[in-house]
Amino acid sequence: MLRSIMGLVLLLASSPALADMPTDPAQFASFADRVLFTKLAERPVAGAVLIAVKDGQVFHARTYGMADREAGLPVEIDHTMFPLASITKTFTATAVAQLMVEGRLGLDDPVQRHLSFPLKQAGERDVTVRDLLTHATGIPDRMIGSSAWGPGSLLPLKEYLSARQPTPVLPPGQVHSYSNFGTALASGVLEQVTGRDHAGLLRDKVLAPLGMENSRFNLPGAAPATDPAARPARTYEVGPGGVLVPAPTEYSLNIGAAGLQASASDMARYMMAYLAGAAGRDTALIPAAGIGELLRHQGGNPDIATSLGLVWQRQQVGETLVVGHSGGQRGLSTDLRLFPAQGFGYFLAITGDGGFLPWDFLTAFQNEYLPETVAAPVALPSAAADAAAIAGTYQDFRFTNPDPLLMLSMLSEFRLTAAADGVLTLSMPGLYGGTSHRFVETAPDRYSLLPDDESHRVGRILSVVRDGSGSVSTLHLDIAGYNLSALPLPWYRQSAIKLHLLLAGLAVALAALLYGIITAIRRPALRAGSVMLALSALGILAFPVWIGLVLAAASQWDLLYGMGYLGLRPAFLLPWLSALLLGVAALLGRFRSRGQGGFILLLGLYLGLLAANGQFVLSVP
């Protein structure tokens, strides 16, 4: 296998430059100022850094704004450590490749072999290490409760992975769907194989060999950066009145999927090591064979622009291979792109509301240095009928776990609508930018983006995969470099239906509360049953009120990732306690009127519908 890998590496090394990269630092600085830094000044951004490398040297470096507005500290190339967010995944994949080269770990090893707790799996074959690093486990991502907002809420990685496993939905290898939890499982494998904690392992095997002295994991108790002058950049979000306010410090429980901080100069060392390896040279980081395995095609969804190496995202722009990874968290956006055949790469980090600026910068870069000529799409004769057949509501596979608060359902659903001329309109919710894009079928089950919708925030191809009966099983699309795999959403699981059920149930509960109070006052003989009915209805009504209070005191991201959810855990008991109270009272014969019986039936039906739709669950620790 290593011989074949070396062959790939040497091919990369010997390939001629397939496109022109920037050659004049002054010209590139002018380009970056025009397409990036002038845009930063137009948005609520606190600080930013852009660093580019070429042929083993720093080619360009520029900072913007403040690393800490309150302390008056500017962004510095050498000493400001930006959170890398999901770019951390590439470091985890690097450590896996190091063990692979050492013969201590195989990509096709069953993950269960390297875990000390049972792994939930679906299908006939085991989830492999390769599945983890190509997001192909068939396990949805874990969002709610995946971060801690203080040291006291952190869990050891092994305990977190064991206790909070999402339920598998598909067999491994069938769909590539982005997963923080899957990469955290890879970290668990690393810890089990080496006997080292993940932060210490990456420090010794990745950061130290490259001299990344201004880098560290953002974890309580983790070793500080080697350079005492290193300091973290604060992240910021837009507060009331459009004013930037510091975002809370996030500690990711998906260790290995996020959590690393690094300075721009350290990221330059990281990029140069990868580019040297892609050119066939062994580095202090890893032999060239390992770099080749990390970057070569390992998987991906059919026909869309982005394929996958080991965690690394691969994009073919004309004849040029672009590999990279983006990252984002509350108040932060980052992007890392490498052009292996050209020996060029850049790293960009923005604190504050950067929006789509990292992706827009990549688009502008490719338009400037890798221009493509794309032929106008020609629709198939059957385009109108085919578009009508796949129109409907879909949900991102990543968010298919039960959603207690409807948030992920509403944020990750999207609609396909078909026009009479065969144009298929993709309407995206706020989670994906709140935009819409139009496609037309140009090959069977392959839809091409119309030219006047070119934004490069979505890929040019929307791909449809069908099951054995011919029904749509999954849709696939690139969205700002993110591989979206979506499943058809039955009508009874759509957020519009759930929302109406919630509202109807709350109306019934309010009526039951008023009925119970009035009956308890006017008919003493029915008081016991009326009081229990009123208490049960009150528990149902208190559930959304509690949620609303937490949302008012925090944000939806607090709720989804951890902080607010900790305050909501008791609230999830309320509907179940209401159901228990109704059941016990019915067994004791406390409901003695026809009106009470009707409300019991309605409330019971409402609670059953909520449970069936995943609107409150006890499976989320």
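Note that the coordinates shown come from a computational prediction; the quantities given were computed from them, not determined experimentally.
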Hey, do the aromatic rings of Phe347 and Phe82 have their centres closer than 6.0 Å?
no
With rounding to the nearest 0.5 angstrom, report the CG to CD1 distance, Leu484 to Ile479.
4.5 Å
When every non-hydrogen atom of Pro171 is compared with those of Gly123, the smallest separation belongs to CB-CA, 4.0 Å
For Asp396 and Phe399, indicate whether the former's side chain and the latter's backbone hold a donor-acceptor pair under 3.5 Å.
no
With no hydrogens and no angle check, is any side-chain donor or acceptor of Gln112 less than 3.5 Å from a backbone partner on Leu119?
yes
Centroid-centroid distance, Phe365 to Phe339, less than 6.0 Å:
yes
Nearest heavy-atom neighbours spanning Ala199 and Leu219:
CB-CD1, 4.4 Å
On the 0 to 90° scale, with breaks at 30° and 60°, tag the Tyr270-Tyr274 ring pair as parallel, tilted or perpendicular.
perpendicular
Heavy-atom closest pair, residues Ser263 and Ile77
CB-O, 3.7 Å
Would you mind reporting whether Pro83 and Thr235 have side-chain heavy atoms less than 4.5 Å apart?
yes
Could you tell me whether Gln57 atom CD has more than 12 heavy atoms of other residues or ligands within 6.0 Å of it?
no
Do Ser86 and Asn180 make a side-chain contact, defined as non-hydrogen atoms from C-beta onward lying under 4.5 Å apart?
yes
I need the Leu336 CG to Met267 CE distance, nearest 0.5 Å.
5.0 Å
Heavy-atom side-chain contact between Ser179 and Arg142 under 4.5 Å:
no
Ser187 vs Leu157 side-chain heavy atoms within contact, under 4.5 Å:
yes
Given side chains that start at C-beta, do those of Arg34 and Glu368 come closer than 4.5 Å, heavy atoms only?
yes
Looking at Asn214 and Ala230, what are the two nearest heavy atoms and their distance?
OD1-CB, 3.3 Å
Would you list the pairs meeting salt bridge (Lys or Arg N to Asp or Glu O under 4.0 Å) in which at least one residue belongs to residues 96-113, sequence neighbours left out?
Glu102-Arg104, Glu102-Lys205, Asp108-Arg130, Asp109-Arg113
Asn483 vs Leu308 side-chain heavy atoms within contact, under 4.5 Å
yes
Is it the case that the side chains of Gln298 and Thr134 hold a donor-acceptor pair, with the cut-off being a distance below 3.5 Å and no angle test?
no
Is the backbone of Leu115 close enough, under 3.5 Å, to the side chain of Gln192 for a donor and an acceptor to pair up by distance?
no
Main-chain N/O of Gly277 paired to Thr283 side chain as donor or acceptor, under 3.5 Å
no
Would you call the rings of Phe31 and Phe361 parallel, tilted or perpendicular, where under 30° means parallel and over 60° means perpendicular?
tilted
I'd like to know if the side chain of Asp478 reaches the main chain of Arg460, judged simply by a donor and an acceptor atom lying under 3.5 Å from each other, with no hydrogens or angles considered.
no
Can any side-chain N or O of Asp335 pair as donor or acceptor with the backbone N or O of Trp359 at less than 3.5 Å?
no
Thr88 side chain vs Leu84 backbone, donor-acceptor pair below 3.5 Å:
no
Qualifying salt bridge (Lys or Arg N to Asp or Glu O under 4.0 Å) pairs with a residue from residues 77-100, counting only residues at least two apart or across chains
none
Do Tyr346 and Phe59 have their ring centres less than 6.0 Å from each other?
no
Report yes or no: do Ser485 and His476 form a side-chain donor-acceptor pair below 3.5 Å?
yes
Spacing of CZ belonging to Arg62 relative to CZ belonging to Phe28, to within rounding of 0.5 Å
11.0 Å
Taking the side chain from Thr90 and the backbone from Ile87, do they hold a donor-acceptor pair closer than 3.5 Å?
yes
Is it the case that the side chain of Gln98 and the backbone of Leu285 share a donor-acceptor pair, with hydrogens and angles ignored and the cut-off at 3.5 Å?
yes
Quick check: do Thr183 and Asn254 have side-chain heavy atoms less than 4.5 Å from each other?
no
Non-hydrogen atoms of Phe217 and Ala258 that approach each other most closely:
CE2-O, 3.8 Å
Going from CG on Asn301 to OG1 on Thr306, what distance comes out if it is rounded to the nearest 0.5 angstrom?
10.0 Å
Heavy-atom pair with the smallest gap, counting every atom of Gly299 and His176
CA-CE1, 3.9 Å
Consider only side-chain N and O atoms of Ser307 and Arg314, and report whether a donor and an acceptor are under 3.5 Å apart.
yes
Under 30°, 30 to 60°, or over 60°: which ring-plane class applies to His325 and Tyr178, parallel, tilted or perpendicular?
tilted
Which distance, rounded to the nearest 0.5 Å, do you find between the CG of Leu310 and the CD of Glu293?
5.5 Å
Using side-chain heavy atoms (C-beta onward) and a distance below 4.5 Å, is Gln316 in contact with Leu321?
yes
With distance as the sole criterion, is a donor-acceptor pair present between the side chains of Thr128 and Asp131 under 3.5 Å?
yes
Give, for atom CZ of Arg234 and atom CG of Asp68, the distance between the pair rounded to the nearest 0.5 Å.
5.0 Å
